[in-house]
Amino acid sequence: MESEIIRPGHLTAHQTARVLGISLGGVRKLVQRGQLQRSGGTERQPWYAVDEVTALAAKRAALAAA
């Protein structure tokens, strides 16, 4: 279940997973590896900055295209 109240400029974990084309477990792994940082929310419902997620998505797409 996604949070109904989220600050502008942030994505939920579910939205982040969709943008990156990965699972929620994949999002957690990116956080553990230091490639993505939480920018708010709670421990159970973290938020991620849109700018950081889109930059990571572009980087992943560039690596896949290479």
Side-chain angles (χ1 to χ4, degrees):
M1 179 177 184
E2 293 186 31
S3 174
E4 294 179 19
I5 302 172
I6 187 166
R7 286 188 289 166
H10 291 81
L11 298 172
T12 64
H14 289 275
Q15 292 167 331
T16 299
R18 269 185 260 147
V19 168
L20 296 174
I22 59 177
S23 67
L24 287 174
V27 173
R28 286 190 292 271
K29 287 286 185 189
L30 290 173
V31 172
Q32 289 172 352
R33 292 178 186 148
Q35 297 176 343
L36 182 64
Q37 292 183 350
R38 296 175 179 166
S39 62
T42 64
E43 185 68 27
R44 292 183 63 114
Q45 293 183 340
W47 300 342
Y48 302 94
V50 170
D51 295 341
E52 188 175 351
V53 173
T54 53
L56 183 58
K59 181 180 174 183
R60 293 170 57 91
L63 289 173

Asks: Strictly by salt bridge (charged side-chain N to carboxylate O under 4.0 Å, His left out), give each pair with a member in residues 49-66 just once, sequence neighbours left out.
Replies: none
Asks: With sequence neighbours excluded, what pairs up with Arg44 under the side-chain contact (heavy atoms from CB on, under 4.5 Å) test?
Replies: Thr42
Asks: Partners of Arg38 by side chain to side chain donor-acceptor pair (under 3.5 Å), sequence neighbours excluded?
Replies: Glu43
Asks: With sequence neighbours excluded, give me every side-chain hydrogen bond (donor to acceptor under 3.5 Å, both in side chains) pair touching residues 23-35.
Replies: none
Asks: Would you say the side chain of Thr16 lies within less than 4.5 Å of the side chain of Trp47, judging by non-hydrogen atoms?
Replies: no
Asks: Honestly curious: do Ile6 and Val53 fall in one hydrophobic cluster under the side-chain, below-4.5 Å linking rule?
Replies: no
Asks: What's in the same ILVMFWY side-chain cluster as Leu24, cut-off under 4.5 Å, chained through other members?
Replies: none
Asks: Any sub-3.5 Å donor-acceptor pair from His14's side-chain atoms to Thr12's backbone N or O?
Replies: no
Asks: What's the spacing between Gln37 CD and Tyr48 OH if we round to 0.5 Å?
Replies: 11.0 Å
Asks: Who are the side-chain contact (heavy atoms from CB on, under 4.5 Å) partners of Ala57, not counting sequence neighbours?
Replies: Val19, Leu20
Asks: Of all heavy-atom pairs between Ser39 and His10, which one has the smallest distance, and what is that distance?
Replies: OG-CD2, 2.7 Å
